[in-house]
Amino acid sequence: MIETLLITTLIIAICMAFLLVKVLFKRNGEFSSQHIHDSQAMKDRGIHCVLDQDREMRNQKRLKLKS
């Protein structure tokens, strides 16, 4: 049990080190945004954040009801 815990901790530490390499050793290194609205590829495909899509659908339903 303790061996498994130590191996798991070691694997997590190695993964964290790999993640931090970009931040530590690259000038102005930072993690890129993971939000959909910040991705140019998603914008090109017309894919929005789920909150934006929900807002658009609600507005379309309101417009249909008023007409």
Side-chain angles (χ1 to χ4, degrees):
M1 176 74 176
I2 292 190
E3 291 176 3
T4 305
L5 184 62
L6 290 174
I7 291 172
T8 304
T9 305
L10 179 64
I11 291 172
I12 291 172
I14 291 170
C15 292
M16 292 300 291
F18 283 136
L19 285 172
L20 293 175
V21 165
K22 181 179 178 183
V23 174
L24 294 176
F25 295 114
K26 187 176 179 184
R27 185 182 305 184
N28 296 328
E30 61 184 28
F31 292 112
S32 59
S33 175
Q34 299 298 314
H35 294 281
I36 291 176
H37 66 267
D38 292 334
S39 172
Q40 187 60 42
M42 294 293 184
K43 288 179 184 177
D44 293 343
R45 293 182 182 133
I47 299 172
H48 306 286
C49 174
V50 69
L51 297 175
D52 293 337
Q53 289 178 345
D54 183 52
R55 188 178 310 117
E56 289 173 3
M57 294 300 288
R58 289 176 189 261
N59 286 338
Q60 287 177 359
K61 287 181 181 179
R62 285 186 196 143
L63 292 175
K64 288 181 182 178
L65 291 175
K66 289 181 181 180
S67 307

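Below, all heavy atoms of this structure are taken into account, side chains as well, without hydrogens, waters or symmetry copies.
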Straight-line distance of Ser39 OG to Arg45 CZ, nearest 0.5 Å: 7.5 Å
Residue pair Ile47 / Ile36: nearest heavy atoms and the distance that separates them: O-CG2, 4.0 Å
Taking the side chain as everything from C-beta on, heavy atoms only, tell me whether Met1 gets closer than 4.5 Å to Leu5. no
Could you tell me the separation between the CE atom of Met57 and the CD atom of Gln53, rounded to the nearest 0.5 Å? 9.0 Å
Are more than 12 heavy atoms, taken from residues, nucleotides or ligands other than Glu3, located less than 6.0 Å from that residue's CD atom? no
Shared ILVMFWY cluster between Ile12 and Leu19, side chains joined below 4.5 angstrom? yes
Could you point out which residue of Thr4, Ile11, Leu10 forms a side-chain contact (heavy atoms from CB on, under 4.5 Å) with Ile7? Ile11
